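Accompanying notes for the structure given below.
Chain identifiers are assigned alphabetically (A, B, ...) following the order of the sequence lines, protein sequences preceding nucleic acid strands; residue numbering begins at 1 within each chain. Bear in mind the structure is a predicted one, so any value in this text is a computation, not a measurement.
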Protein chains: 2
Amino acid sequence: MKKNTSDNHDHHGEQSVSHNHNDCIDSALATAEILCVEQGQRLTKVRRRALELIWESHRPLGAYQLLAKLAEEGFNSAPPTVYRALDFLLNAGLIHKVESMNAYLGCSHADKDHQGYFLICDDCHNVMESDYQDIHSALIAKAAQQGFELRAKTIELTGLCADCKMPSEGGRT
Amino acid sequence: MKKNTSDNHDHHGEQSVSHNHNDCIDSALATAEILCVEQGQRLTKVRRRALELIWESHRPLGAYQLLAKLAEEGFNSAPPTVYRALDFLLNAGLIHKVESMNAYLGCSHADKDHQGYFLICDDCHNVMESDYQDIHSALIAKAAQQGFELRAKTIELTGLCADCKMPSEGGRT
DNA sequence: GTTGTAATTGTTATATCATAACAAAAGTTT
DNA sequence: AAACTTTTGTTATGATATAACAATTACAAC
């Protein structure tokens, strides 16, 4: 079983993603610090490290995968440790849960109101978060036509990402 | 015998029944029979009964809840029994999995191509399946703009259903 | 109707995901 | 420091799902 460790920060493709991944981790963490201070929340060591590890994996991370990484670093290795950290991060809007994978992903827009859509590649298993505001509005309207008041949503789209559609151009992770 | 393909079933509680629920079970089962014959699939006793029980519950049913019901009726009570039946029904398009609930729901449109959207009431926990074809098209287009080729999707909307928004009119289960 | 084959089901065990309950420690306020 | 709140440690269990292999059943070919 080949498993990527936290050292693989590669964002799987030359085309679709051309940023330095360390930067996105740094900015996510910086944003998290600011948000927590603003909201009077405490980003403790384990919470902060959990968030970093989720970002470093750069794809959705299972709770027990995260727990193992935390345990390697000397944190407590019982499940409540990781689920508490995940709960905190979810409530703070710093991560999302990908329901169809039972896995957790850093939120790319934690600092602003947004509507998360996830594009999950069947092939490389990378996940991209998008924000389709107009579709969100349309969904609210459609639901309202049926008398339904929308409060939250889970939108997970699976298929082939740009890189995996063109195997000649991009390697698979 | 044509299947009832209308949306907007009032799936609200055991008591308030604005349609005859037995009819929708019967038509779902009749459709299932036809589809299985067409596709050379065998709707065995346990598969058929699993599908009936899912429809009878009239809201998403967990695998182990279903297993318990099957066991009461003399079917084998080990987990593979129910997961095999669920796999079969999922592959045949006769049920859907509601990812955010880890539960299974009869498909209201098994006999036609459709795009499932689930409206999940936070209050009464009923789930309605809708088919927003235009939003689906918009999603395909948006994803394509990002180079993503959409193959499947999970869209689960939570909020308040019509009945629960008006407590004066409808009882809660 | 027996035989061969594939599909289905039975059975045991285990993997994976998540929470309950209560004790201990650390942070915060006074 | 005392009182209080939040966070973390610890043990146990609940909930969801699959692997692996044996036994049985359905069904077609003979």
Side-chain angles (χ1 to χ4, degrees), chain A residues 1 3 32-33 36-37 39-51 53-54 57 59-92 94-105 125 154 156, chain B residues 32-33 36-37 39-51 53-54 57 59-92 94-105 125 154 156:
Chain A
M1 167 168 34
K3 175 159 183 330
E33 300 274 14
C36 287
V37 168
Q39 298 167 22
Q41 303 273 52
R42 289 167 51 197
L43 191 64
T44 61
K45 276 184 188 173
V46 66
R47 291 168 177 174
R48 187 190 161 91
R49 190 63 188 135
L51 181 57
L53 288 167
I54 288 171
S57 92
R59 65 184 61 179
L61 198 58
Y64 279 71
Q65 290 175 273
L66 175 56
L67 183 58
K69 288 175 191 283
L70 288 170
E72 278 175 16
E73 301 182 5
F75 291 99
N76 183 24
S77 67
T81 296
V82 76
Y83 282 105
R84 283 165 179 159
L86 290 170
D87 280 351
F88 175 87
L89 296 170
L90 286 167
N91 284 323
L94 298 172
I95 62 173
H96 294 289
K97 180 176 183 183
V98 181
E99 295 286 351
S100 58
M101 303 175 77
N102 291 320
Y104 303 84
L105 183 69
H125 305 295
T154 295
E156 298 173 6
Chain B
E33 301 273 15
C36 286
V37 168
Q39 298 167 20
Q41 302 273 52
R42 289 167 51 197
L43 193 64
T44 61
K45 277 185 188 171
V46 66
R47 292 167 177 175
R48 187 189 162 91
R49 190 61 188 137
L51 181 57
L53 287 166
I54 287 170
S57 93
R59 66 183 62 179
L61 198 58
Y64 280 71
Q65 289 175 274
L66 175 56
L67 183 59
K69 288 176 191 284
L70 288 170
E72 279 176 14
E73 300 182 6
F75 291 97
N76 184 23
S77 66
T81 297
V82 77
Y83 284 104
R84 284 165 179 159
L86 290 170
D87 279 351
F88 175 88
L89 297 171
L90 285 167
N91 284 323
L94 298 171
I95 62 173
H96 294 289
K97 179 175 184 183
V98 182
E99 295 287 351
S100 58
M101 302 175 78
N102 291 319
Y104 304 84
L105 183 69
H125 306 293
T154 295
E156 298 173 7

Quick one: label [X] by what it contacts on the DNA or RNA (base, sugar-phosphate, nothing), any heavy atom closer than 4.0 Å.
| X | value |
| --- | --- |
| Arg84(A) | base |
| Phe88(B) | nothing |
| Asn76(A) | base |
| Lys97(A) | sugar-phosphate |

### Message
For a 4.5 angstrom cut-off between non-hydrogen side-chain atoms, does Phe75(A) reach Arg49(A)?
### Response
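SC-SC contact between Phe75(A) and Arg49(A) confirmed.
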Value in whole Å for how far the [atom2] atom of [N] lies from [atom1] of [X]:
| X | N | atom1 | atom2 | answer |
| --- | --- | --- | --- | --- |
| Leu43(A) | dT6(D) | CG | C1' | 15 Å |
| Gln41(A) | dG27(C) | CD | C1' | 15 Å |
| Asp87(A) | dT7(D) | CG | P | 12 Å |
| Tyr83(A) | dG9(D) | OH | P | 17 Å |
| Leu67(A) | dA18(C) | CG | P | 12 Å |
| Arg49(B) | dT9(C) | CZ | P | 16 Å |
| Gln65(B) | dA15(D) | CD | P | 10 Å |
| Lys45(A) | dA26(C) | NZ | C1' | 12 Å |

If you check every side-chain atom of [X], which of [options] has the closest atom?
| X | options | answer |
| --- | --- | --- |
| Pro79(A) | dT9(C), dT16(D), dT19(C) | dT19(C) |
| Asn102(A) | dG27(C), dA18(C), dT8(D) | dA18(C) |
| Val46(A) | dT8(D), dA18(C), dA26(D) | dT8(D) |
| Pro80(A) | dT18(D), dT11(D), dA26(D) | dT11(D) |

### Query
Quick one: on DNA chain C, does Thr81(B) or Leu86(A) contact a more 5' nucleotide (nearest heavy atom)?
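This one resolves to Thr81(B).
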### Message
Between dA18(C) and Tyr64(A), counting only base atoms on the nucleotide and side-chain atoms on the residue, is there a donor-acceptor pair under 3.5 Å?
### Response
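Between dA18(C) and Tyr64(A), which were checked side chain against base, a qualifying N/O pair under 3.5 Å is present.
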### Query
Can you check whether Arg42(A) has a side-chain N or O nearer than 4.0 Å to OP1 or OP2 of dA26(C)?
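For dA26(C), OP1/OP2 do not have a side-chain N/O of Arg42(A) under 4.0 Å.
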### Query
Would one find a side-chain N or O of Tyr104(A) under 4.0 angstrom from OP1 or OP2 of dC17(C)?
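Answer is no, no contact under 4.0 Å.
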### Task
Ignoring hydrogens and angles, tell me if any N or O in the side chain of Arg47(B) forms a donor-acceptor pair with the backbone of Arg42(B) under 3.5 Å.
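Flag set: sc Arg47(B) to bb Arg42(B) pair under 3.5 Å.
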### Query
Is there a donor-acceptor pair closer than 3.5 Å between any side-chain N or O of Glu156(B) and the backbone N or O of Thr154(A)?
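Answer holds: no.
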Heavy-atom pair of closest approach, residues [X] and [Y]:
| X | Y | value |
| --- | --- | --- |
| Phe88(A) | Leu43(A) | CE2-CD1, 4.0 Å |
| Leu86(B) | Ala63(B) | CD1-CB, 3.7 Å |
| Pro60(B) | Leu105(B) | N-CD1, 3.8 Å |

### Query
On DNA chain D, nearest-nucleotide positions of Phe75(A) versus Ala103(B): which is more 5'?
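The residue whose closest nucleotide sits nearer the 5' end is Phe75(A).
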